[in-house]
Chemist: 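This is the structure, below, for whatever I ask next.
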Amino acid sequence: MPDSKQLTLVKAKPVDSEKITINLGYVDLGHIDLMVAEGFYSNRTDFIRTAIRNQLSSHGDALKQVVARKMLVMGLQRFSAADLEAVRASGQSLQIRVLGLATIDADVSPELALATIESITVLGAFQASSAVKAVLAGRIH
């Protein structure tokens, strides 16, 4: 018998969240269920989100320093075809660095993405068409 149970976390809004799956030991899972049953948390997801936020908060100063050092944009960064056409017209290219969610709109062609995006570093989630992801594969870090 395996010694852990798979727990899938699903967040409410798929637009601004990402689903993750973690494996927990049965005892840890039982402790979470006990905390929920005793009313400390409304459900497993509430417990796990709170635990994650507490850990991020406890390392907040270090995280701020790393974000500044790596020059990351925090939050959501979206690129449309018009945005990338303006970059191409200026003769420049982008080095995308995001902590959060970076999206390239569906109207962006693979050719336009290749011509305008030099590199992509995303800590979080990156959304783009499969064709755009394929042509940028060597530029995604």
Side-chain angles (χ1 to χ4, degrees), residues 1-90 92-141:
M1 177 188 284
D3 62 358
S4 68
K5 184 174 180 180
Q6 191 173 55
L7 176 65
T8 300
L9 301 178
V10 180
K11 297 180 184 176
K13 298 179 183 177
V15 172
D16 63 357
S17 64
E18 184 79 12
K19 177 180 165 182
I20 65 168
T21 301
I22 61 172
N23 293 316
L24 291 176
Y26 292 115
V27 173
D28 290 339
L29 186 58
H31 281 113
I32 293 169
D33 287 345
L34 180 61
M35 298 288 284
V36 170
E38 291 298 310
F40 290 98
Y41 300 93
S42 59
N43 53 45
R44 290 174 173 176
T45 299
D46 182 34
F47 173 89
I48 293 168
R49 283 185 184 149
T50 301
I52 290 169
R53 287 184 188 121
N54 288 342
Q55 284 299 305
L56 294 173
S57 178
S58 74
H59 299 286
D61 290 339
L63 288 171
K64 286 177 188 173
Q65 291 173 7
V66 172
V67 167
R69 181 171 41 87
K70 293 188 177 259
M71 297 182 293
L72 296 166
V73 172
M74 287 184 55
L76 171 77
Q77 192 166 32
R78 178 179 160 257
F79 298 92
S80 67
D83 297 330
L84 296 182
E85 288 292 354
V87 169
R88 180 163 47 189
S90 73
Q92 298 183 347
S93 62
L94 297 175
Q95 294 181 350
I96 299 170
R97 294 184 180 101
V98 176
L99 188 150
L101 173 65
T103 62
I104 298 176
D105 287 354
D107 64 346
V108 173
S109 69
E111 297 76 22
L112 179 59
L114 196 58
T116 56
I117 300 172
E118 184 179 324
S119 65
I120 301 175
T121 303
V122 178
L123 301 170
F126 173 55
Q127 297 175 349
S129 70
S130 55
V132 167
K133 284 182 176 180
V135 297
L136 295 176
R139 300 177 184 189
I140 300 172
H141 308 286

Chemist: State, yes or no, whether a side-chain contact exists between I117 and I104 at a heavy-atom distance under 4.5 Å.
Modeler: yes
Chemist: Would you compute the distance between atom CD1 of I140 and atom NZ of K133 and round it to the nearest 0.5 angstrom?
Modeler: 7.5 Å
Chemist: Within the structure provided, determine whether L99 and V66 are in side-chain contact (heavy-atom separation under 4.5 Å).
Modeler: no
Chemist: Of the non-hydrogen atoms in A102 and V98, which two are nearest, and what is the gap between them?
Modeler: CB-CG2, 4.0 Å
Chemist: Between the side chains of S80 and D83, is a donor N or O closer than 3.5 angstrom to an acceptor N or O?
Modeler: yes
Chemist: Taking atom CE of M74 and atom CG of L123, what is their separation to the nearest 0.5 Å?
Modeler: 11.0 Å
Chemist: Could you measure the distance from the CD1 atom of I52 to the CD1 atom of I22? Nearest 0.5 Å is fine.
Modeler: 7.0 Å
Chemist: Would a distance-only check, ignoring hydrogens and angles, find a side-chain to backbone donor-acceptor pair under 3.5 Å from R139 to L114?
Modeler: yes
Chemist: Rounded to the nearest 0.5 Å, what separates atom CD in Q127 from atom CD in E18?
Modeler: 7.0 Å
Chemist: Got I96 and F126 here, is their nearest side-chain heavy-atom distance under 4.5 Å?
Modeler: no
Chemist: Closest heavy-atom contact between A113 and V132?
Modeler: CB-CG1, 3.8 Å
Chemist: Is there a side-chain contact between F79 and T116 (heavy atoms, below 4.5 Å)?
Modeler: no
Chemist: Restricting to non-hydrogen atoms, name the atom on R44 and the atom on V36 that form the minimum distance, rounded to 0.1 Å.
Modeler: N-CG2, 3.8 Å
Chemist: Main chain of D46, side chain of N43: is a donor-acceptor contact present, judged purely on distance under 3.5 Å?
Modeler: yes
Chemist: Can you tell me how far CD of Q55 sits from OG1 of T50, rounded to the nearest 0.5 angstrom?
Modeler: 12.0 Å
